Amino acid sequence: MRRRWVIVTGAAVVIAAASVLWVSLGGGAPSFDYLRLARPQEIPGSLGFVLEPPPDGFEPAVSPDRAKQIAAASAGSVPKVTEALASVPAALLGTGGEREVAVWVLVARRICYFDNKGDLVSSARSASAQQELPTCSRKNLSVVLVDARAGKTVGAVRGYDLSGAWKLAVAGS
């Protein structure tokens, strides 16, 4: 009986030590360091909406895949997106409390929105019924911000990338 207790206790100590080592070497919660925004960056064509790097040591409670699911639920579907972990001033989001909010930034291209009153109801009501609505291009940006702690959509920003080549400045790129 005593021998069995020693074996069970020894096995528990070995498992606990292996678990501590695994977590300390980064095998625990996934690290998204490669998706962290590396420097402050303005979303082109957004009239000054600036993304900042997330706070040092911040670990999101929400994964980028979960953030995409949250965005899909509010938008109906999400096309191919690029993502980054960043922070934005709470004042830009209209939220109180914290000075900055850590967010997953999901950027999709080729998404356009109707601009003229009535376009949503009928494209025949657009500025000129003879002209087609402008087509979306790679230059059109749609950005959704998902709170990386709470897992809620906190904002959306439209942008326009004149170059068509703008990318999020993430550490892994």
Side-chain angles (χ1 to χ4, degrees), residues 26 28-120 123 126-127 131-173:
S31 172
F32 300 111
D33 289 345
Y34 66 100
L35 291 175
R36 295 174 85 81
L37 197 68
R39 60 179 168 76
Q41 188 174 30
E42 182 177 345
I43 298 171
S46 67
L47 303 176
F49 197 96
V50 177
L51 303 169
E52 297 282 340
D56 289 337
F58 175 78
E59 291 299 326
V62 175
S63 72
D65 288 336
R66 179 66 185 131
K68 289 176 195 175
Q69 291 172 348
I70 292 165
S74 63
S77 67
V78 174
K80 181 181 175 198
V81 298
T82 56
E83 66 270 342
L85 182 61
S87 62
V88 294
L92 285 178
L93 301 176
T95 60
E98 301 178 48
R99 289 184 42 216
E100 297 214 346
V101 178
V103 293
W104 283 111
V105 179
L106 307 171
V107 180
R109 291 184 174 272
R110 299 183 187 274
I111 296 182
C112 294
Y113 296 93
F114 294 110
D115 289 331
N116 297 318
K117 183 178 178 181
D119 284 347
L120 188 58
S123 61
S126 61
Q131 294 178 330
E132 292 182 18
L133 290 173
T135 58
C136 291
S137 74
R138 178 170 176 68
K139 296 177 180 182
N140 296 93
L141 303 174
S142 178
V143 181
V144 176
L145 307 170
V146 177
D147 187 314
R149 279 193 187 117
K152 295 181 181 179
T153 302
V154 293
V157 180
R158 290 183 355 184
Y160 192 78
D161 173 17
L162 288 173
S163 72
W166 177 81
K167 292 195 269 184
L168 289 162
V170 295
S173 61

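Everything numeric here is computed off the predicted structure, so don't read it as measured data. As a basis for the values below, the full set of heavy atoms in this structure was taken, side chains included, without hydrogen atoms, waters or symmetry mates.
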Task: Spacing of CG belonging to Asp161 relative to CD1 belonging to Ile43, to within rounding of 0.5 Å - done: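 The CG atom of Asp161 sits 11.5 Å away from the CD1 atom of Ile43.
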Task: Rounded distance [0.5 Å steps], OG in Ser142 versus CZ in Arg158 - done: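 Here the rounded value is 8.5 Å.
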Task: Under the salt bridge (charged side-chain N to carboxylate O under 4.0 Å, His left out) test, residues paired with Asp147 that sit two or more places apart - done: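 Scan of Asp147 (salt bridge (charged side-chain N to carboxylate O under 4.0 Å, His left out), adjacent residues dropped) gives none.
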Search all heavy atoms of [X] against all heavy atoms of [Y] and return the closest pair with its distance.
{"X": "Leu106", "Y": "Ala71", "value": "CD1-CB, 3.7 Å"}
{"X": "Ile111", "Y": "Cys136", "value": "C-SG, 3.8 Å"}
{"X": "Glu42", "Y": "Trp166", "value": "O-NE1, 3.7 Å"}
{"X": "Gly164", "Y": "Arg138", "value": "O-NE, 2.8 Å"}
{"X": "Val62", "Y": "Ala150", "value": "CG2-C, 4.4 Å"}

Open item on the list: Please check this pair: side chain of Arg36 against backbone of Pro55, looking for a donor-acceptor N/O pair closer than 3.5 Å.
Closed with: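 Checking the backbone N and O of Pro55 against the side chain of Arg36, a donor-acceptor pair under 3.5 Å is found.
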TODO: Would you confirm whether Gln41, through its side chain, and Lys167, through its main-chain N or O, come within 3.5 Å as a donor-acceptor pair?
DONE: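 It does hold such a pair.
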TODO: Test Ser87 against every option in Glu100, Arg99, Glu52 by the side chain to side chain donor-acceptor pair (under 3.5 Å) rule and name the one that passes.
DONE: Glu100
Within a strict 4.5 Å, meaning less than it, do heavy atoms of the [X] and [Y] side chains meet?
{"X": "Val154", "Y": "Val88", "answer": "no"}
{"X": "Phe49", "Y": "Val143", "answer": "no"}
{"X": "Ser63", "Y": "Trp104", "answer": "no"}
{"X": "Leu51", "Y": "Val105", "answer": "yes"}
{"X": "Pro53", "Y": "Pro40", "answer": "yes"}
{"X": "Thr153", "Y": "Leu145", "answer": "no"}

Open item on the list: Exactly one of Val81, Leu141, Thr82, Asn140 should register a side-chain contact (heavy atoms from CB on, under 4.5 Å) with Arg109. Which one does?
Closed with: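 Single side-chain contact (heavy atoms from CB on, under 4.5 Å) partner of Arg109 among Val81, Leu141, Thr82, Asn140: Leu141.
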